[in-house]
Amino acid sequence: MTFSRFVTITALALTIAIVPRAVPAGAQVKPGDVITPDNASKVEGLVSPGNLILVRQGMKMKIVPTGHLDWPPPYKAATEQYSPQVSLTPDGELKNYVAGLPFPLVDADDPQAATKIMWNFAFRPLYTDDVDARGVEIVSHAAGSADPIEHFSIGHMGFYKYVGRTEVAPVPVDKDILNTGIAFRAGAYPILDPPELRGAGIIMQGYAIPGFEDAVWEYSSGSRKLRRLSAAGLSDSFGVSKTGAAADGGANAGSTTYASTWDPDSVFGFSAKIQDYTYRLLGERPMLASVEAANSPAQPCASDGGRSVCPENWEMRHLYVIEATAKPRSPLGGSVIIPKRIFYIDSEGWFITASDQFDIQGQLWKTIVTFNTYRDRPVPDAKVAIWPFKRIFETALVDEDVTDGFSTVIYSPGPDGHDDGWYINMGLVDKTFFTPEKMVQAGH
């Protein structure tokens, strides 16, 4: 295929992906509608089953017209340059990837379509080089309680990527990957609140080497000890609720005494290693998603006791629905806590809009909804994080245990907005930032 023909076909595919889809025949929503528990039946089938529970308990939705999310120009150029050479091996490993979207043309009849969609998610246009999210707050609420049960504040949460870079030198690849095999570094540190955890953190080092387990370290400021964790442990929650599945000896029973439903593998909807799961495409559907949120910083939802974010803009989007099943692991590697997840992935921005998570009995256990927006700065009064073009970024993520209504909301940045929040592809963090050494230094 010639380059000019590729560009033409790619442009056609992108146009097909972004044309606003008609609302399905059974849907009862239109722009201007406000969805509350009283009329939640209008969105049944237009949100995930787990997200519908959030609506029925008080998460208000404002229906707005479908918008268009343009990719950053450097990312678009990288897609045109490099995607023709990308392929998958028979076992689903990515081959010859450099930068941009790996698979701009996905055929639903392709047996590897689901895996290609997941690799597109992994290298989506949202954050390609580096991210430093500051002022992140994690707040947990129990059903029926207006006051937070737990509150965490984190100084830095983000990553540095070695491959797929499009804006900050070195591009498109940090050649150190050839020496170390490290594909990215990520972390969240230091914890600023609660006081008894101040200085603690977690760091991850992801490898591009097939079959090589990612390295994870946790630092405890109380004991001043750094310890290595199993990567499988990242599917465990950042604390537990005291009711429901946990109290009954369920999946995350006894993990910590801090109350939270959110697990590190659910950052951005899903952050586990792509190769550790098998994928099945369940379909393509017009569904509702929060893509151009009205509020950044996001605000707690008063009508459900702060267990979600509302009222926010929701619009009809064309979504891929993917079932992800954890592969069996060796006894030494441990087993994941969440064996099956169903993702709802936007076909234009390639981010997860929602995820329903299932326990080992196959029952719906938790649901995730992400709130995203599309702007040239993370907050209206940003002083440093002002980008040369609009970016898609997450303002909040809700992770609720639907068996008991215990919910954790991750605000990025926090509702008070004391910082610009998102520093995306600005070179403010390098490959030495998310390392055990820097985490320990910050925790002292």
Side-chain angles (χ1 to χ4, degrees), residues 54 59 131-143 145-159 186-204 218-221 233-242 246 252 255-271 295-301 304-310 337-338 352 355 357 366-372 378 393-401 404-419 421-422 434 439 442-443:
L54 303 185
M59 184 179 72
V131 164
D132 184 13
R134 303 178 190 175
V136 175
E137 295 186 30
I138 304 174
V139 184
S140 296
H141 288 265
S145 173
D147 298 322
I149 302 300
E150 193 70 82
H151 177 273
F152 294 90
S153 179
I154 300 176
H156 302 272
M157 188 167 74
F159 56 75
Y189 77 88
I191 292 178
L192 305 176
D193 190 53
E196 63 269 27
L197 289 180
R198 188 176 180 87
I202 189 168
I203 288 292
M204 181 177 182
E218 177 187 63
Y219 177 68
S220 168
S221 55
L234 294 179
S235 67
D236 201 355
S237 61
F238 197 66
V240 300
S241 59
K242 302 299 187 296
N252 60 345
S255 58
T256 79
T257 60
Y258 294 95
S260 174
T261 59
W262 178 71
D263 59 283
D265 272 353
S266 292
V267 174
F268 302 122
F270 184 62
S271 294
N295 300 308
S296 182
Q299 299 300 311
C301 190
D304 66 8
R307 287 185 288 160
S308 70
V309 170
C310 83
I337 307 300
I338 304 169
I352 287 175
S355 169
Q357 304 177 353
K366 298 200 301 174
T367 190
I368 285 175
V369 55
T370 68
F371 294 84
N372 307 276
F393 62 94
E394 185 179 287
T395 62
L397 179 149
V398 176
D399 187 330
E400 178 165 315
D401 182 337
D404 62 11
F406 193 95
S407 183
T408 298
V409 185
I410 295 84
Y411 295 96
S412 51
D416 293 334
H418 295 308
D419 195 279
W422 284 107
F434 293 109
M439 178 173 61

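Using a distance-only test at 3.5 Å, with no hydrogens or angles considered, a donor-acceptor pair links the side chain of Asp304 to the main chain of Gly306. Checking side-chain atoms of Thr370 against main-chain N and O of Ile352 turns up a donor-acceptor pair under 3.5 Å. Within the 3.5 Å criterion, the main-chain N or O of Thr261 finds a donor-acceptor partner in the side chain of Thr408. Between the Arg307 side chain and the Gly405 main chain, a donor and an acceptor come within less than 3.5 Å of each other. With Gln299 contributing its side chain and Pro297 its backbone, the two residues share a donor-acceptor pair below 3.5 Å. The main-chain N or O of Phe371 is found under 3.5 Å from a side-chain atom of Thr395 such that the two form a donor-acceptor pair. Of the possible donor and acceptor atoms, none in the side chain of Arg134 sits under 3.5 Å from a partner among the backbone N and O of Gly155.
Among residues two or more places apart in sequence or in another chain, the side chain to side chain donor-acceptor pair (under 3.5 Å) test is passed with Glu218 by Arg227. Here Asp399 pairs with Lys366 under the salt bridge (Lys or Arg N to Asp or Glu O under 4.0 Å) rule; sequence neighbours left out. Checked against side-chain contact (heavy atoms from CB on, under 4.5 Å), Ala188 has the following partners two or more places apart in sequence or in another chain: Ile154, Met157, Ile202.
Summarising the geometry, atom OG belonging to Ser153 is positioned 9.0 Å from atom CD1 belonging to Ile138; distances are rounded to the nearest 0.5 Å. Atom-to-atom distance recorded for Trp422:CH2 and Asp132:CG is 9.5 Å, nearest 0.5 angstrom. Of the inter-residue distances, the one linking Asp419 atom CG with Ser412 atom OG reads 12.0 Å to the nearest 0.5 angstrom. Here Ser296 contributes atom OG and Asn372 contributes atom CG; the two are 10.5 Å apart, rounded to the nearest 0.5 Å. Rounding to the nearest 0.5 Å places CD1 of Ile338 at 5.0 Å from OG of Ser266. A distance of 8.5 Å separates CZ of Phe270 from OG of Ser355, quoted to the nearest 0.5 Å.
When all heavy atoms of Gly199 and Pro190 are compared, the pair lying nearest together is CA-CB, 3.9 Å. For Pro194 against Glu150, the heavy-atom pair with the smallest separation is CG-OE2, 4.2 Å. The nearest pair of heavy atoms linking Asp263 to Gln357 is OD1-OE1, 4.2 Å. Taking each heavy atom of Ala298 and Ala396 in turn, the nearest pair found is CB-CB, 3.8 Å. Taking both residues in full, the closest heavy atoms of Gly201 and Met439 are given as C-SD, 3.2 Å, listed atom of the first, atom of the second, then distance.
Between Phe434 and Tyr189, the ring-plane angle classifies as perpendicular under the 30° and 60° cut-offs.
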Worked verdict on Trp262 versus Val267 for side chain to side chain contact (heavy atoms under 4.5 Å, CB included): CA-CA 8 Å; Trp262 178 71; Val267 174; 3.2 Å; yes
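Counting only heavy atoms from C-beta outward, the side chains of Val398 and Ser407 approach each other to under 4.5 Å. Within the 4.5 Å cutoff, no side-chain heavy atoms of Phe393 are placed close to those of Val131. Taking the side chain as every heavy atom from C-beta outward, Tyr411 and Val309 approach each other to under 4.5 Å. Residues Pro415 and Glu137 form a side-chain contact, since some pair of their non-hydrogen atoms from C-beta on lies under 4.5 Å apart.
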